Amino acid sequence: MKKILFAASEAAPFIKVGGLGDVAGALPKALCEAGADCRVILPLYSSIPWEKREDLTPLMHFDIRNAWREQYCGVLTKKVGKVTYYFIDNEYYFNRYRVYGEADDAERFAFFSRAVLEVLPRVGFIPDVLHANDWHTALIPVLQDCEYCHREGYGNIKTVFTIHNIEFQGKFDPYILGSVFGLDESKKPMLFYGDCINLMKGAIETAHAVTTVSESYAGEILDPYFSCGLHHILAARQFKVCGITNGIDTDVFDPATDKNIATNYSYETRSQKFRNKKALRAEMNLPAGDMPLLALVGRLTHQKGLDLLRMEFENVMATGAQMILLGTGDAEYEEFFREMQGRYPDAFRAIIGFDAALAQRIYAGADLFLIPSKFEPCGLTQMISMRYGTLPVVHAVGGLRDTVIPYDPTTGKGNGVNFLTYDSGDMMDAIRRAVKLYYDKPNYAKAKANAMRTDVSWKQSAGKYLALYERI
Ligand code: GLC
């Protein structure tokens, strides 16, 4: 049985800040179901809800040396279903208000990365593959390559590094190499890029395989438009880079069992979905009527294409559709959408906040789901909305391009609506087509059925990861 250790800075259901948390929550589960022994290791943040960590079993503690610092490292464990979780405890680093954005993030995650390697023989789990994710754990393949692989027991461990978002690379002042990571000058070429230490670059250089979270994104990041400066590095290592499209946890995201929504429904009973629209409108105090309800749920940042929506907002309202937006993020967007709510009280609601239960009611209640992202490594919301029978309207980029097939009334195939260029006029055109499709009841029903039938589970992708682990 293949032994995999999945290292991540967040993992649902314990701690989730973004899509990485969903992946780290669902992929290991799917790998276990496919016959691997996949375990997960993550920091024991104080922000993990108490009910999720009150029953952890303490295993051991020891000290870890990172440069000149010697730090306490506790290890706790818990099994959920088939997946064993290990938690790295250190109050100084992880008892903070936030998961990310602390001034000493480099040191916090360097500590975690070293801890991951240090615990292996101590917990008696020497994996075949150590799978690291994004810059926070990028030091793992680097340390394995230059230090640990020479140690007894570590020689056969292979490393995989997954890029969930190339925008965040872990760039730091070069002094950090020795004084925080405890690496000597001879390791500088491995980690140095541009004028700084770049952890993601180090992982791309040293991991046995590099993956991204969709096939399209794997190609896109070779282009300077998407690569945030790393295209040269990736092009030189292309032989070991591949894209595997994410899935979603179909147990968690299931309209047939979802406790957050007004009326449960499945593919067979999808005609009942309208009850959720009714309930959502009542909750949002939006008037009833036969017009489509368009939704957007997500981080309000430049990545998500909100500039396009801001530019076209009046035109979106002019289509007669109602719209609900849920999310938090940059103040400029939050303020804009609050203002629009004041201007369009009968048609638009902006809920500036993070509310997972409301998000579910929106997936279930909306007719159309807008994702105009400028870039999207994979994207999860289009898959969730399809599972709930809500048609995604997306910019065909990254994972959105791989998962949303434009509906074609002449063939009856397709599960959403898309636009090909990052352009507000094109987005508007897609929204108009989607609104028109909504009124074309037989075709809308077909597209909705196709969306609900789309395989968004982890099954296929877990198989691809297993094949990759096998290969390396
Ligand atoms: C990041 C990306 C998103 C992807 C997620 C999980 O959040 O922005 O597109 O779905 O990681 O891989």
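All ligand and atom numbering here is 1-based and tracks the order in the structure. Count residues from 1 along the sequence. Only this structure's heavy atoms are used, side chains among them; waters, hydrogens and symmetry mates stay out. Keep in mind the model is a prediction, meaning the values are calculated, not measured.
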Problem - For atom 7 (O) of ligand 1, closest protein heavy-atom neighbour - result: Gly19 N, 3.8 Å
Handout entry: Under 4.0 Å to a heavy atom of Asn165 - the qualifying atoms of ligand 1, by number
Key = 8 (O)
Handout entry: Arg96 to Tyr92, cation-pi by 6.0 Å centre distance and 45° axis angle
Key = yes
Handout entry: Shortest protein contact, atom 3 (C) of ligand 1 (heavy atom only)
Key = Glu376 OE2, 3.4 Å
Problem - Which residue and heavy atom of the protein sit nearest atom 8 (O) of ligand 1, plus the separation - result: Gln303 NE2, 3.2 Å
Fill in the blank from the handout: shortest atom 2 (C) of ligand 1-to-protein heavy-atom contact is with His164 O, 3.3 Å
Handout entry: Those atoms of ligand 1 less than 4.0 Å from some heavy atom in Val213
Key = 12 (O)
Problem - Parallel, tilted or perpendicular: ring planes of Phe6 versus His131, cut at 30 and 60 degrees - result: tilted
Practice task
Check each atom of ligand 1 against the heavy atoms of Gly379 and keep those under 4.0 Å away; list them by number with element.
Solution key: 3 (C), 4 (C), 9 (O), 10 (O)
Fill in the blank from the handout: One finds that the ligand 1 atoms under 4.0 Å from a non-hydrogen atom of Val23 are 6 (C), 12 (O)
Problem - Any Glu167 heavy atom less than 4.0 Å from ligand 1 - result: no
Exercise for the section: Please round to the nearest 0.5 Å and tell me the distance separating atom CG of Leu391 and atom CG of Leu368. Expected result: 6.0 Å
Practice task
Scan side-chain atoms only and decide if Tyr148 and Arg114 contain a donor-acceptor pair under the 3.5 Å cut-off.
Solution key: yes
Practice task
Please check if any side-chain donor atom of Tyr100 sits under 3.5 Å from a side-chain acceptor atom of Glu10, or the reverse.
Solution key: yes
Handout entry: Trp458 side-chain N/O to Gly247 backbone N/O, donor-acceptor pair under 3.5 Å
Key = yes
Exercise for the section: Specify side chain, backbone, both or neither for Asp22, according to which of its non-hydrogen atoms lie closer than 4.0 Å to ligand 1. Expected result: neither
Problem - Cation over ring face, Arg310 and Phe313, 6.0 Å, 45° - result: no
